[in-house]
Number of protein chains: 2
Amino acid sequence: MSSSSHPQVLAEESRDPRVVRSRAAILRAAADLLIESGASAVTIGGISERSGVAKTTIYRQWKSRSQLVFDAFESLLAPATHISESGPIRQQLEALLIPLVRGLTSSEWALAVPALVDASERDPEMRQLLRGFLAGRKENGRSTLRAAMARGELRPDLVVDEAVTMLIGPIYYRRLVSGETLDERFVAEIVDQFLRGAARTS
Amino acid sequence: MSSSSHPQVLAEESRDPRVVRSRAAILRAAADLLIESGASAVTIGGISERSGVAKTTIYRQWKSRSQLVFDAFESLLAPATHISESGPIRQQLEALLIPLVRGLTSSEWALAVPALVDASERDPEMRQLLRGFLAGRKENGRSTLRAAMARGELRPDLVVDEAVTMLIGPIYYRRLVSGETLDERFVAEIVDQFLRGAARTS
DNA sequence: GAGTTACGCTACGATACAGTAGCGTAGCGA
DNA sequence: TCGCTACGCTACTGTATCGTAGCGTAACTC
């Protein structure tokens, strides 16, 4: 019963290549619109025109526009890569932050981030999606810090969540708000400043 | 000639109370819409309906919608307050950051910030407005840091712009992106961590 | 091969928005 | 008081969007 009234729930695992193709084309077009013109520009008609998929087909596969925007953003994400957990903490932190900076300055999903940040302000579903995504990405940083604390490289009284915020907050701030320089040298400065206060053997 | 073809340029200093009243009502309604529903929801028809001012009057006073959104945001801002430049640097920094946190968690303009951040992504005029606004607000922090460096309270090799980013970046990050706790205790943690690495007499 | 199903196409009705024109009124300022 | 002007109102044109319905076709599954 639920599968007949909500066929779109199963669309993702559909074996029918027609569904797979149209779904991919729809998500690609939706993601492009999201990147280029923001969340409010992701319209069903626009997706249809751009993807070549009929409007009716889009409505058949998704029951709400916000669900579609959600999926479009998800389709842009690469799976999080795991970082090696050896080496001095300074190198580990740079190995974490430099890809973040690269992503925020050149990846596709980065262009959607401001749109989603704004959409999250008024759309609880979107907020949950975004925060869930970020929480996953942050887990690498948290475990890296915990390990360094256990090894005695960092002060044992660090609050991990706050430390992570201090490391990545300045990066997001420059990307989203101030537009100031965002490069590897800046990452090195952040890490320097952080370790100067957080390292045990300063 | 310029005043007759572009009367809206002078509207701000108009002595005609009719203009003053309608302008205020329009900006109030536009700001409300901006806060409640984002930048793309600020429509002329919506402002007219909400403010009770005729659509034609709005078009008479503003020549573009983005200019109106601009002015609506500006109308929300309180003039920047000047901070006392005495006392230890820790107190000065907290005196700067706590009002920022308060503003970002409870002021009207804070609700418009995510919308403007997103709009800035694709609207150069809006970007310039937002960055100009932030630059003005940051100047307090910059001069405070410079004075403390001159007094010898902070390391003389600090890069002021990067130091400011490290202080306020985490705050904006939590407000815009992660949604984690944002209170005075967090400010104290930021300042602690910053001074642990930046103070001369650590 | 036969039945099923996803698709494209066209055509809706409804709503919302931009932006403009004309006209009469009421408030303002000198 | 009298002229000026900002205003409100109505009525447009034109565009874009939503979401749905019906129908024929082509692709896929078994």
Side-chain angles (χ1 to χ4, degrees), chain A residues 1-30 33-34 36-69 72 119 123, chain B residues 1-30 32-34 36-70 72 119 123:
Chain A
M1 182 193 263
S2 78
S3 72
S4 68
S5 60
H6 297 302
Q8 61 276 4
V9 174
L10 300 176
E12 206 160 348
E13 0 178 294
S14 172
R15 297 279 170 272
D16 191 328
R18 291 173 296 179
V19 177
V20 175
R21 274 197 299 268
S22 64
R23 181 182 164 86
I26 291 164
L27 288 176
R28 179 70 255 170
L33 288 169
L34 179 64
E36 289 168 17
S37 312
S40 63
V42 183
T43 77
I44 306 297
I47 296 168
S48 171
E49 203 174 344
R50 185 158 192 144
S51 64
V53 173
K55 233 173 35 157
T56 39
T57 298
I58 301 172
Y59 281 108
R60 281 180 196 121
Q61 290 196 21
W62 279 273
K63 54 169 184 270
S64 83
R65 189 181 141 280
S66 59
Q67 181 69 46
L68 209 177
V69 176
D123 183 340
Chain B
M1 179 192 266
S2 77
S3 73
S4 68
S5 61
H6 298 302
Q8 61 276 4
V9 173
L10 300 176
E12 205 159 347
E13 0 178 293
S14 172
R15 296 280 170 271
D16 190 329
R18 291 174 296 180
V19 176
V20 175
R21 275 197 298 269
S22 63
R23 180 180 165 86
I26 291 164
L27 289 177
R28 180 69 255 172
D32 287 343
L33 288 169
L34 180 64
E36 290 168 16
S37 312
S40 63
V42 183
T43 79
I44 306 297
I47 296 168
S48 170
E49 201 175 342
R50 184 160 193 142
S51 65
V53 173
K55 234 170 38 156
T56 40
T57 298
I58 302 173
Y59 281 108
R60 280 181 196 121
Q61 290 195 21
W62 279 273
K63 53 170 183 271
S64 82
R65 188 181 141 282
S66 57
Q67 182 68 46
L68 208 177
V69 176
F70 172 107
D123 182 341

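Order of the sequence lines fixes the chain letters, A, B, ..., with proteins taken first and strands second; residue numbering starts at 1 for each chain.
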* Asked: Quick one: which of C:dT20, C:dC28, D:dC7 gets closest to the side chain of B:Pro17?
  ->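 My answer, after comparing the listed nucleotides, is C:dC28.
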* How close or far is atom C1' of D:dG8 from atom CD1 of B:Ile26, stated in whole angstroms? ->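 Atom CD1 in B:Ile26 sits about 12 Å away from atom C1' in D:dG8.
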* Structure fact -> Per nearest nucleotide of DNA chain C, the residue lying toward the 5' end, B:Thr43 or B:Arg18, is B:Thr43
* Compare side-chain N and O positions of B:Arg21 against OP1 and OP2 of C:dA26 and report whether any pair is under 4.0 Å apart. =>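 False: B:Arg21 side-chain N/O out of range (4.0 Å or more) of C:dA26 OP1/OP2.
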* Asked: Is it true that a side-chain atom of B:Arg65 and a backbone atom of B:Val42 form a donor plus acceptor pair closer than 3.5 Å?
  -> yes
* So what does A:Ser22 hit on the nucleic acid, given a heavy-atom distance under 4.0 Å: a base, only sugar-phosphate, or nothing? -> sugar-phosphate
* Roughly, in whole Å, what's the span from CG in A:Asp16 to C1' in D:dC28? -> 5 Å
* Taking atom C1' of C:dT20 as reference, at what distance in whole Å does atom CD1 of B:Ile58 sit? ->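 Distance, rounded to whole Å: 14 Å.
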* In this structure, are over 12 heavy atoms from other groups packed under 6.0 Å from B:Glu49 atom CD? ->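 12 or below, so no.
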* Asked: Would you say B:Thr57 reaches D:dA6's phosphate, i.e. side-chain N/O to OP1/OP2 under 4.0 Å?
  -> no
* Which residue lies more 5' along DNA chain D, comparing A:Thr56 with A:Val42 via nearest heavy atoms ->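 On the 5' side of the pair lies A:Val42.
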* Separation of atom CZ in A:Arg65 from atom C1' in C:dT15, rounded to whole Å ->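 A:Arg65 atom CZ is separated from C:dT15 atom C1' by 16 Å.
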* Asked: Rounded to the nearest Å, what distance is computed from the NZ atom of residue A:Lys55 to the C1' atom of nucleotide D:dT20?
  ->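 Spelled out: NZ on A:Lys55 to C1' on D:dT20 is 9 Å.
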* Structure fact -> Atom NZ of A:Lys63 and atom P of D:dT20 are separated, to the nearest Å, by 13 Å
* Side-chain contact test, heavy atoms from C-beta onward, threshold under 4.5 Å: evaluate it for B:Ile44 versus B:Leu68 and give yes or no. => yes
* Could you check A:Thr57 against A:Arg60 for side chain to side chain contact (heavy atoms under 4.5 Å, CB included), going step by step and ending with a plain yes or no? => CA-CA 5 Å; A:Thr57 298; A:Arg60 281 180 196 121; 3.5 Å; yes
* So what does A:Gly46 hit on the nucleic acid, given a heavy-atom distance under 4.0 Å: a base, only sugar-phosphate, or nothing? ->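 The answer is nothing, as A:Gly46 stays clear of every strand by at least 4.0 Å.
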* Under the 3.5 angstrom rule, does the side chain of B:Ser22 hit a backbone N or O of B:Arg18 as a donor-acceptor pair? ->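 Indeed, once roles are kept as given, a pair shorter than 3.5 Å links the two residues.
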* Asked: Between C:dC28, D:dC7, C:dA18, which nucleotide has the shortest distance from any of its atoms to the side chain of B:Val19?
  ->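 Nearest to the side-chain atoms of B:Val19, counting from C-beta on, is D:dC7.
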* Whole-Å distance separating the CD atom of A:Gln61 from the P atom of D:dG19 -> 16 Å
* Minimum-distance nucleotide to B:Val53 side chain [options: D:dT17, D:dA6, D:dG8] ->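 Looking only at side-chain atoms, B:Val53 lies closest to D:dG8.
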* For A:Arg60 and D:dG22, give me the distance from atom CZ to atom P, rounded to whole Å. =>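 Spelled out: CZ on A:Arg60 to P on D:dG22 is 13 Å.
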